[in-house]
A.B. asks: 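Encoded as structure tokens, here's the structure I'll be asking about.
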Amino acid sequence: MEEQYQFAHIEAKWQEIWRVAGASQVAEHATKPKFYALAMFPYPSGNLHMGHVRNYSIVDVIARFKRMQGYNVLHPIGWDAFGLPAENAAIKNQRPPGEWTWSNIENMKSQLQSMGISYDWQRELATCHPGYYRFTQWIFLEFYRHGLVYKKKAAVNWCPSCSTVLANEQVVDGACERCETVVTKKDLEQWFFKITDYAEALLADLEKLPGWPEKVKTMQRNWIGRSEGVEADFHITGRSESIRIYTTRVDTMFGVTYVVLAPEHPLVRALARGTAYEDQVLSFIEKMKGLNEITRTSAETEKEGLFIGQYCQNPLSGEQVPIWIANYVLLEYGTGAVMGVPAHDERDFEFARKYALPFPTVILAPDKPLTAKDQELEAAYSARGLMVNSGEFDGLDSEEAWDRMADALEQRSLGMRKVNFRLRDWLISRQRYWGAPIPMIYCATCGTVPVPEDQLPVLLPDDIVFKAGENPLTTSASFVQTVCPVCGAAARRETDTMDTFMCSSWYYLRYTDPRNQDLPFAKDQVDYWMNVDQYVGGVEHAILHLLYSRFITKALRDFGYLQIDEPFENLLTQGMVCMDGSKMSKSKGNVVSPEEIISRFGADTARLFILFAAPPEKDLEWSDQGVEGCFRFLNRTWRLVHQTREAILHAGETPGQLDDAAREMRRQTHVAIQRVSNDVGVRFNFNTAISAIMELINAVYHYKEVPDASPAILRETVEAILILLAPFAPHITEELWEQLGHAGGIHNLTWPALDEDALKQDEVTIVLQINGKIRDRLQTPADMGVEALEAQVRALPKIQELTQGKTIVKVITVPGKLVNIVVK
RNA sequence: GCCGAUGUGGCGGAACUGGCAGACGCACGGGACUUAAAAUCCCGCGAGCCCAAAGCUCGUACCGGUUCGAUUCCGGUCAUCGGCACCA
């Protein structure tokens, strides 16, 4: 009776052996090419979920494959350990957030280890460890030193439920991306990172990332939102000030019939002061303040506005136009003021129709007759066309007029070309405890003073009170009260902590030198390992994490700490793990726990299924039966080795003379080597790689029953199966490799080389078509010439019958594949 | 509204450069083994015409085009998903 596949025993055995041996530890290497494989590090929520399993299985296959190909592979893991859930748990349990976090890390670490992933555990890091966040603070200070951090009072996004501010990127559909509470606006003094200084570079360098999915690059482009336009001054009639507007359609400037300011625009109150309009204006402003962000900025909200009693002058036409305020103009974008061109802008059109403002046409559609009356317009015309009613610019094409009018404004010093971005500066302050404290001190005499580098880290205090709705750091007297590093007087510490995205924007750099006590990373190490050759994670980070990381990398490069322009060479965004058509989530109750699957079938089965069920970038539908199928496959592999083991152990070194069946078996082995190498190494289609191995197993099951099956060929095939399968199912293959009498470990082998000669076939099947429709098939020698083949095909009775009475127009022959006879 | 992606059997998916549509797996059906069941092994499995076979016809969301030949290329339509959305 043959031995059973005891996955639990085998997996525990090899995990211990690998752990003791430090099997995946790496250091810089003088000659081997390096490869940096990275999965987005997890938040220590407490338990691994299937999304993690998928993410880490994908990267592990890549890492193991690259190792076998001779690369020096860095494959690290760590914990994105700061954040709100720990703090909420602290409030609930009245225990410190660190306690919750570290015990979660411990638990998830053992779950991760049960998956048999080839991490270099020596490099493990956690962002909540003082040895790490010390350098998060260090980076903050570097940015401060270089003028890329500033503090300003602004109307910021506030999540009432999380009681903290949020970055623009963390507001999704007007709600908090974490808890989905509707975000409000609050005027607060906050710390910002000047990501907008890098807007142009962040946009332009997307071109340097051919290894990124187009989808992610498009999302970043949209988020950065570059637009080319003109700023122009409309002089306010009877006053000294001007209103500066921003427009991308300077060519429509002769069609301006009003100018609109955002209600919050600083000029508004001044312009209304003491006029008959003042009361109305003030109450309109109040009304706008009361609206939440979603209704305020939604395109569906009806446009609403108010004339404020003043006029200004069109800088090009000289015309007087009324000044309005309206809800659809945003203070934060451009100059907070726009010109209204109802005939050529959809929004202005809607607004003008509501308030009976005129809409003169200044650009004619190419096919539109000049007779069309302005008031009969049914919609704004926003495309290019012929300039009319535009003074000296009449008759020009609108695109040419754009440049001429911009020139005219610049010459008269009434305006200038301006590039605008939708991207705003990154708000990094958080009114929370469980994050890296912002290393700044407020002194009554010296002002805002950075904490000196040698005083880092600014440690999180323990003497705090956790209460909902309050920043816990403000309750720690020992933390708040400090001395000024400049003058030594009593001073107050900054009590805000940093956005956790700050911590996760540089962790991939720390892995290259994780225990450095003096610097976030040493130059030679970071230069050796960076950049990340393959990064894998969920598409939900397309903007937040991936944009911030690119920014931090570029800035650190400019400070002289890095040589790279971009952190992540290749990016793979994996799909979600779904069940019953929707993403597995606790709230939907459709979760399958990795722990349960691993205990029932083993880690190898779990890994294999999650890689086999779908290509990595697509969503994956969970199937319990599919898991069982993969388990069956591994059992089949196990039995195959045990059934052929005796023959293999006694096989001679050389196969000798091969018969047809042996040659065909050998061919199939090398077809599989070719396919798996390409699918894993080039295409990242792990599902088809696994299919190819399954096919090879099916083939050898038949071959081993053939009389006189060659033991040497059996050995080559079975060993190839194990090696090809090793990156996917590391434990079972390691065990079976040992059982076949090999020492030294399957994962230390070199990836099998392809024997091109073995792929050659003596005979091939040729498809015979008439007018493109398949009529027959023909076995021919593989090396048959085109003419001989065509002659043979024409002579076939079936082909003769089908072409009888018709004229053969031409014959198309694809050697080794098909012959198509075109008849009339 | 704009941008991007996707659409193939009962299901997950394959077909890499325009050349045998449906590999591989799941489910299902049949058979072998077994006292029996499980496990395992073998065979079948897009639809229609047909008792069946041989054979023929249709078939990759829909309509059309290019081509000897289209799941693949081009134009249009529809549907689903994702991102952005009063950004001037």
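Order of the sequence lines sets the chain letters (A, B, ...), proteins ahead of strands, with each chain counted from 1. Computation of the quantities below employed the complete heavy-atom set of this structure, encompassing side-chain atoms and omitting hydrogens, waters and symmetry-equivalent molecules. Keep in mind that what you see is a predicted model, and the values were worked out from it rather than measured.
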A.B. asks: For the side chain of Arg683(A), starting at C-beta, report the closest nucleotide among A88(B), C20(B), C16(B).
C.D. replies: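 My answer, after comparing the listed nucleotides, is C16(B).
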
A.B. asks: Is there, by distance only and without an angle test, a donor paired with an acceptor across the side chain of Glu346(A) and the base of G1(B) below 3.5 Å?
C.D. replies: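 Result: no qualifying N/O pair found.
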
A.B. asks: Provide the distance between the two P atoms, one in C68(B) and one in G48(B), to the nearest whole Å.
C.D. replies: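 35 Å, rounded to whole Å.
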
A.B. asks: With a 6.0 Å cut-off (strictly less than), is the heavy-atom count around CD of Glu621(A), excluding the residue itself, greater than 12?
C.D. replies: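 More than 12 within 6.0 Å, yes.
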
A.B. asks: Can a cation-pi geometry be assigned to Arg249(A) and Trp402(A), taking NZ or CZ under 6.0 Å from the six-membered ring centre and within 45° of the ring axis?
C.D. replies: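 No cation-pi geometry.
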
A.B. asks: Answer yes or no: side-chain N or O of Asn222(A) and base N or O of C84(B) forming a donor-acceptor pair under 3.5 Å.
C.D. replies: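 No, the side chain and the base share no sub-3.5 Å donor-acceptor pair.
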
A.B. asks: Side chain of Lys817(A) only, please: which of G19(B), C86(B), U40(B) is the nearest?
C.D. replies: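 Closest nucleotide to the Lys817(A) side chain: G19(B).
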
A.B. asks: Anti or syn, where syn is a glycosidic angle within 90° of 0; which label fits G59(B)?
C.D. replies: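 It is anti.
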
A.B. asks: For Ile774(A), answer base if it contacts any base atom (sugar-phosphate contacts may also be present), sugar-phosphate if it contacts only those atoms, and nothing otherwise; contact means non-hydrogen atoms under 4.0 Å.
C.D. replies: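 Contact class for Ile774(A): sugar-phosphate only.
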
A.B. asks: Please pick, from G19(B), C84(B), C24(B), the nucleotide with the shortest atom-to-atom distance to any side-chain atom of Val814(A).
C.D. replies: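 Out of G19(B), C84(B), C24(B), the nucleotide with an atom closest to Val814(A)'s side chain is G19(B).
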
A.B. asks: I'd like to know if the side chain of Arg54(A) and the backbone of Gly575(A) have a donor-acceptor N/O pair within less than 3.5 Å.
C.D. replies: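 Yes; judged by distance alone, with no hydrogens or angles, the pair exists.
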
A.B. asks: Would you say Lys287(A) has more than 12 foreign heavy atoms packed within less than 6.0 Å of its NZ?
C.D. replies: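 Not more than 12 within 6.0 Å, no.
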
A.B. asks: Measure from the side-chain N and O atoms of Asn327(A) to the backbone N and O of Glu304(A), and report whether any donor-acceptor pair falls under 3.5 Å.
C.D. replies: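 At least one qualifying donor-acceptor pair exists.
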
A.B. asks: Applying a 4.0 Å non-hydrogen cut-off, can you work out what Arg777(A) is touching in the nucleic acid: base, sugar-phosphate, or nothing?
C.D. replies: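 Base contact.
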
A.B. asks: Nearest of G25(B), G19(B), C20(B) to any side-chain atom of Ile812(A)?
C.D. replies: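 Nearest nucleotide to the side chain: G19(B).
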
A.B. asks: Looking only at atom C1', what distance separates U60(B) and G13(B), rounded to whole Å?
C.D. replies: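 It works out to 13 Å between them.
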
A.B. asks: State plainly whether the residues Glu214(A) and Lys217(A) are in salt-bridge range, i.e. N to O under 4.0 Å.
C.D. replies: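 Lys217(A) and Glu214(A): salt-bridged.
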
A.B. asks: Quick check on C42(B): is either OP1 or OP2 less than 4.0 Å from any side-chain nitrogen or oxygen of His702(A)?
C.D. replies: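 Answer yes for this pair, as a side-chain N or O of His702(A) is under 4.0 Å from OP1 or OP2.
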
A.B. asks: Among C24(B), C86(B), U40(B), find the nucleotide with the atom closest to the side chain of Tyr328(A).
C.D. replies: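 When the side chain of Tyr328(A) is considered, C86(B) is the closest of C24(B), C86(B), U40(B).
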
A.B. asks: Reading 5' to 3' and counting Watson-Crick or G-U wobble pairs with both distances under 3.5 Å, write the dot-bracket notation for RNA chain B, | for bases paired outside the strand.
C.D. replies: (((((((..(((......[....))).(((((.......))))).((((.....))))..(((((..]....))))))))))))....

A.B. asks: Starting from P on U40(B), measure out to CH2 on Trp638(A) and report it in whole angstrom.
C.D. replies: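 It is 16 Å, rounded to the nearest whole Å.
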
A.B. asks: Nearest to the side chain of Asn327(A) - G25(B), A88(B), C86(B)?
C.D. replies: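 Minimum distance to the Asn327(A) side chain belongs to C86(B).
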
A.B. asks: Students often get this wrong, so: under 4.0 angstrom with heavy atoms, is Thr765(A) touching a base, only sugar-phosphate, or nothing?
C.D. replies: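 The residue Thr765(A) makes no contact with any strand.
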
A.B. asks: Where the side chain of Asn678(A) is defined as all heavy atoms beyond and including C-beta, which of G13(B), C16(B), C86(B) is the nearest nucleotide?
C.D. replies: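 Shortest atom-to-atom distance from the side chain points to C16(B).
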
A.B. asks: Across the strands shown, which category fits Val338(A) at heavy-atom distances under 4.0 angstrom: base, sugar-phosphate, nothing?
C.D. replies: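 Val338(A): base contact, heavy atoms under 4.0 Å.
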
A.B. asks: Does the Asn314(A) side chain pair with the main chain of Phe234(A), one donor and one acceptor, at a distance under 3.5 Å?
C.D. replies: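 Flag not set: sc Asn314(A) to bb Phe234(A) has no pair under 3.5 Å.
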
A.B. asks: If you assign Arg675(A) and Ala614(A) each to the RNA chain B nucleotide with the nearest heavy atom, which residue ends up on the more 5' nucleotide?
C.D. replies: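 First, find each residue's nearest nucleotide; the 5'-ward one identifies Ala614(A).
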
A.B. asks: Taking CZ from Arg636(A) and P from C26(B), how many angstroms apart are they, rounded to a whole number?
C.D. replies: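 Rounding to the nearest Å, CZ of Arg636(A) and P of C26(B) are 10 Å apart.
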
A.B. asks: Identify whether any heavy atom of Gly629(A) sits under 4.0 Å from a base atom; if not, whether one sits that close to sugar-phosphate; answer base, sugar-phosphate or nothing.
C.D. replies: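 Touches sugar-phosphate only.
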
A.B. asks: Measuring from the side chain of Asn820(A) (C-beta onward, heavy atoms only), which nucleotide among G69(B), C24(B), C42(B) has the closest atom?
C.D. replies: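 Ranking G69(B), C24(B), C42(B) by closest atom to the Asn820(A) side chain puts G69(B) first.
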
A.B. asks: Could you please name the option among U40(B), G82(B), A23(B) that lies closest to any side-chain atom of Arg639(A)?
C.D. replies: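 So the side chain of Arg639(A) is nearest to U40(B).
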
A.B. asks: Has the side chain of Gln574(A) got a donor or acceptor atom that lies under 3.5 Å from a matching backbone atom of Gly51(A)?
C.D. replies: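 Judged by distance alone, yes, a pair lies under 3.5 Å.
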
A.B. asks: Can you identify which nucleotide, out of A27(B), A88(B), C58(B), has its nearest atom closest to the Gln625(A) side chain?
C.D. replies: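 The listed nucleotide nearest to Gln625(A)'s side chain is A27(B).
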
